[in-house]
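Structure record follows, encoded as structure tokens.
Numbers restart at 1 for each chain; the letters A, B, ... are given by sequence-line order, proteins then strands.
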Number of protein chains: 2
Amino acid sequence: MVTMRDVAELAGVSVATVSRVLSGARQVNGELAERVRDAQEQLGYRTNLLASGLRRQRTDTVGMVVPQVGNPYFSALMEAVGRRLQRVGKTVLLVDAEDDPAAEADGIHRLLDRSIDGLLAVPVDERASSAALTEAAAHVHLVQLDRAAAGVPADLVAVDHRAGIRAVVDHLVGLERRELAFVSAGPRDSTARERAKAFDEAVAATGCTAQPSRLGAYTVEWGRAAATALVDGGRLPAAVVCGNDLIALGVLAVLVEAGVQVPERVAVTGYDDIGFATLTRPTLTTVRQPIDELAAAAVGRLLHASSAEPAVPAVATDAPDPAVLAGVASPVDAAGAVDAAGAVDAADVPVAAQDAPTVQRFAPALIVRDSTPVGGPVAQRGDEVSL
Amino acid sequence: MVTMRDVAELAGVSVATVSRVLSGARQVNGELAERVRDAQEQLGYRTNLLASGLRRQRTDTVGMVVPQVGNPYFSALMEAVGRRLQRVGKTVLLVDAEDDPAAEADGIHRLLDRSIDGLLAVPVDERASSAALTEAAAHVHLVQLDRAAAGVPADLVAVDHRAGIRAVVDHLVGLERRELAFVSAGPRDSTARERAKAFDEAVAATGCTAQPSRLGAYTVEWGRAAATALVDGGRLPAAVVCGNDLIALGVLAVLVEAGVQVPERVAVTGYDDIGFATLTRPTLTTVRQPIDELAAAAVGRLLHASSAEPAVPAVATDAPDPAVLAGVASPVDAAGAVDAAGAVDAADVPVAAQDAPTVQRFAPALIVRDSTPVGGPVAQRGDEVSL
DNA sequence: ACCCTCTCGGAAAACGATTTCCGACAGAGA
DNA sequence: TCTCTGTCGGAAATCGTTTTCCGAGAGGGT
């Protein structure tokens, strides 16, 4: 391995000088600097980040944990975050939690052991992820993204799911679909819980009816299973509201296979607006989460923990033209999140920094496509498939 | 930060002893060991991987570079590799090349700077990726996965694309589809080049006809664009053979939108067998790459560079029931790969270790679904969607 | 001429682990 | 009893940087 010492010798200076030239930490004589840079070039020297990190006590590296790299919504999030961090010279260390809190905890520890100086986490489980994340928060600056784990003293950047689901239900009711079925994931993570609660509230508020919710997992398989049960049960609703796009794709596939007319007989909606939502027949009406804004906010919060002010959340901006939700993002719901916290075994999770973690929520946008009857808004198609 | 020193003091021993207890490097008195472990537990000590790596000159960490984390095929590969490496106690550092050789080179450097002790790479570009990879090979043990870059002195674990494409063409010809169109990515990476060449050969061998190949990128957008051109051009082929599933999904969507009957009027095939291939109407006939075998082989090669013998490549094993290709994997093609090497500017890429890198190729499997007429084999459906 | 302030290079002390080396002690064999 | 071997703990060197700290020399003001 070629070290700074080698460069120093070749350039005929001390290692201190080499370090100063390369890091620009202090002014050094122009000619010396020149010699150093030549030597570096010639030897192909690159600074050893292990040594550097050890000495500096920072690594310009942030960790990111996601529940499932295979889920296109998370891939998109990873890409957005990665781009932003790279732009400011930070490196991202990515960990796949494999949808398993144990693997997640393990991954988090491995990240911490590497002296990352920041952690971006999308918790797998609202409860089971708390311990590892709370511990992490004690060591590095932690920001929760998309989901929150209960009782973790860390900021959260997320989406206003109540608004998203409400928009879906309003849209369906506006199309005279008043018998709904909700297929989503069990209340394992905060998004699932919030969406389910929002659905119930929306049903109550609009006065339509709903079959008992079918809660499983955020997967295509669950969508298939639930739809199969619906079809076999014989009591088809007028619309199936799905907790995310993967579920919706599963539901759609089964319905179509079973010969159920979509959207004529049953309408279907998703959530996330993954690229594949435009590739089915019919294309899928869904709720687009403002991924870039989320990534920007999370990264911002991670970098300068300084600017404490929630810096008025941007409304979903670049939604091409589809019906953007009316309501501006509400920086509210700190209460709602604390609710979740309250639910956890308080003795179990030591509430470390009681500095009232801030919650920043962004408004999603309803994207109307063919899977809901084209009575009102015209269907959009093939906008921005990023995959 | 709690250091080994703290543990040593609390336990009343020297740091050397602590280190020995924790790493099990040498026998230590039972009672002392007990005290050390208690102290560790009590302080919540975890070893600092920066310091450890610096001293040991190895990190038990391997890097992995993929062209695009958003492509489901690569996500699947990442997951398979990650699971395998985790099992043997290694950590994976993941880098997204964003389909850009420059970003890829940058990422590779960042990995090297972290003293990884192995690198798994899926090169973005057969030519443009060579420099960075060749340099990487000089520093760490490198294994190329799925694709090869020209002139890089490193092993390759890949799939026999000639067999895959040939199987597709044979299948179509067997169904009396003799006018084909090939839509794929330009010969930027080795898989695209190999598939294109294989297609031409297969057409020649079977005596069917083909429109001029349409080469773009491995994306849904390109599939859409190419299909649009096909439809607008008015000369529809009997079947469209696509270079990967993303392209095929794009083609499928456009054809169906345009009212072209699939598969009755035009059959469509993909390549990769990503989970979404079962979610379209019709479901997509495709070529499944044996991801687990690939991952296992690559990881194996990375770990014990020792077992030089190619260890007879496994035939695709757990393919549920679909028509598995006849031919067993050919450990051949070292010649083919060197071909690629020969193509590059020899003066540019210093051929470091001329130990004849080995090439290991696995047999893919044809998966017949609804997008090809169900004359012969019965269509499979909804087998193993992993997303 | 004298002193004071800057500027800038190098020696050396960290950072937190691992690993050699050394010395102490115990037990065995003669 | 004496030596010889073997086991095991601790002191210290080391990994490759960064960052004090120190000292030398230059230049300016009185």
Requested in this report: Just call it for B:L50: base, sugar-phosphate, or nothing, with non-hydrogen atoms closer than 4.0 Å on any strand.
Outcome: nothing
Separation of D:dT14 atom P from A:M1 atom CE, nearest Å, is 18 Å
Check your understanding: Between A:T358 and A:R301, is a side-chain hydrogen bond (donor to acceptor under 3.5 Å, both in side chains) present by the stated rule, with each step listed?
Key -> CA-CA 10 Å; A:T358 78; A:R301 226 155 244 301; 3.2 Å; yes
Picking from D:dT18, D:dT17, C:dA17, the nucleotide nearest the side-chain atoms of B:S52 would be C:dA17
A:L49 atom CG is separated from D:dT17 atom P, nearest whole Å, by 10 Å
Is A:T17 near enough to C:dG9 that one of its side-chain N or O atoms lies under 4.0 angstrom from OP1 or OP2? no
### Message
Any base atoms under 4.0 Å from A:T3, or only sugar-phosphate, or nothing? Heavy atoms, all strands.
### Response
sugar-phosphate
Between CZ of A:R26 and P of C:dG10 the distance, given in whole Å, is 11 Å
| query | Would a distance-only check, ignoring hydrogens and angles, find a side-chain to backbone donor-acceptor pair under 3.5 Å from A:E104 to A:V124? | reply | yes
Considering only heavy side-chain atoms of B:L32, the closest of D:dA11, D:dG9, C:dG9 is D:dG9
Rounded to whole Å, the CG-P distance (B:L22 to C:dA17) equals 9 Å
Closest to the 5' end of DNA chain D, once B:Q57 and B:G12 are matched to their nearest nucleotides, is B:G12
Taken to the nearest whole Å, CG/B:N29 to P/C:dA26 is 13 Å
query: Is the shortest distance from a Lys or Arg side-chain nitrogen in A:E9 or A:R5 to a carboxylate oxygen in the other one below 4.0 Å?
result: yes
From CG of A:L54 across to P of C:dA13 the rounded distance in Å is 17 Å
Quiz item: Do A:R55 and D:dT18 share a donor-acceptor pair, side chain to base, under 3.5 Å?
Solution: yes
When rounded to whole Å, the CZ to C1' distance for the pair B:R58 and C:dA17 reads 14 Å
Note: B:D60 and B:D117 closest approach over all heavy atoms is N-OD2, 3.0 Å
On the nucleotide C:dG10, are OP1 or OP2 found under 4.0 Å from the side-chain N or O atoms that A:S14 carries?
yes
When rounded to whole Å, the CZ to P distance for the pair A:R114 and C:dC15 reads 22 Å
B:P123 and B:L145 have their tightest heavy-atom pair at CD-O, 4.2 Å
